[in-house]
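All values below come from the heavy atoms of this structure, side chains included, with hydrogens, waters and symmetry mates left out. Index from 1, following the sequence.
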Amino acid sequence: MKCTLKKTYLALAAALMLISACKKEPVITDDPPAAEPYESGVFVVNEGPFQSGSGTVTFFNRTTKEVKQDIFNIVNNRPLGNVVQSITLYEGKAYIVVNNASKVEVVTVKDFKSAGVINNITMPRFMAGISVQKAYISDWSGNINVVNLSNLTVSSTINVGG
């Protein structure tokens, strides 16, 4: 009887240790995102494999602790391209610099829907918004591209060297 009681206590103690060791993990989902989840949270740029595949953007909602993978593809039904270099939030839009694809994808921050593409920048790296109508985008060849944000075109290029 004494041995059975000890085994019962040991089993109960082991069960309590297992239960107390559990912690809630963040929810990871590939479900289509809600209409407006992107105004308060964290964007994570996932570069993607060099010269093959596609980079992605992940969103972490600080309030709900939800993680949403590949939100650009889910919302816009197409991949970003290779290699996703950086993201800049400016004036209600997110500018996603896609290096190997030589483009900058523009989306609205509110819902991540495509708002256009800036092309004709060879291997872009980073963007800095200057005004509602102007931004600078650096590239690998040592240029600063002056971009007209109204029509998403490169208006001039400043060579700054390697």
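One finds the CD1 atom of I74 at 13.0 Å from the CZ atom of F59 (value rounded to the nearest 0.5 Å). Rounded to the nearest 0.5 angstrom, T63 OG1 and E66 CD are separated by 11.0 Å. Atoms CG and CG, from N145 and D139 in turn, are 5.0 Å apart once rounded to the nearest 0.5 Å. In this structure, the separation between CG on N100 and OG1 on T122 is 11.5 Å, given to the nearest 0.5 Å. Separating the CG atom in N151 from the CD atom in Q133 is a distance of 10.0 Å, to the nearest 0.5 Å. Here the CD1 atom belonging to I137 is positioned 8.5 Å from the OH atom belonging to Y95, to the nearest 0.5 angstrom.
For N77, the CG atom counts as loosely surrounded, since its 6.0 Å shell holds 12 or fewer non-hydrogen atoms of other residues, nucleotides or ligands. Remark: N120 CG is loosely packed, at most 12 non-hydrogen atoms of other residues, nucleotides or ligands lying under 6.0 Å away.
Between I96 and the options V117, V107, V104, a side-chain contact (heavy atoms from CB on, under 4.5 Å) holds for only V107. Remark: of the listed residues M123, R125, M127, R125 is the sole one forming a side-chain contact (heavy atoms from CB on, under 4.5 Å) with Q85. Residue T157 forms a side-chain contact (heavy atoms from CB on, under 4.5 Å) with just one option from N143, I144, I121, and that option is N143.
Side-chain heavy atoms closer than 4.5 Å link hydrophobic residues (I, L, V, M, F, W, Y) into clusters, and following such links, even through other members, never connects I87 to Y90. Taken together through direct or relayed side-chain contacts under 4.5 Å among Ile, Leu, Val, Met, Phe, Trp and Tyr, V98 and V75 form part of one hydrophobic cluster.
Heavy-atom minimum distance, P124 versus S102: CD-CA, 3.7 Å. Listed here is the closest heavy atom pair of S54 and L80: OG-N, 3.6 Å. Counting all heavy atoms, side chain and backbone alike, L149 lies closest to L152 at O-CD2, 3.7 Å.
When atom types are taken as modelled, the side chain of Y136 and the backbone of F126 share no donor-acceptor pair closer than 3.5 angstrom. Between the side chain of N76 and the backbone N or O of R78, no donor-acceptor pair lies under 3.5 Å. Looking only at distances, no side-chain donor or acceptor of N46 sits under 3.5 Å from a matching main-chain atom of G48. The backbone N or O of V146 sits less than 3.5 Å from a side-chain atom of S155, completing a donor-acceptor pair. The main-chain N or O of V84 is never found under 3.5 Å from a side-chain atom of N99 such that the two would form a donor-acceptor pair.
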Dump the intermediate steps for side chain to side chain donor-acceptor pair (under 3.5 Å) on T56 and N73, then the final yes or no. CA-CA 8 Å; T56 62; N73 192 7; over 6 Å; no
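Taking the salt bridge (charged side-chain N to carboxylate O under 4.0 Å, His left out) definition, one finds that K103 meets it with E105, sequence neighbours left out.
Taking the six-membered ring where tryptophan is involved, the planes of F43 and F112 are essentially parallel, since the angle between them stays under 30° and well short of 60°.
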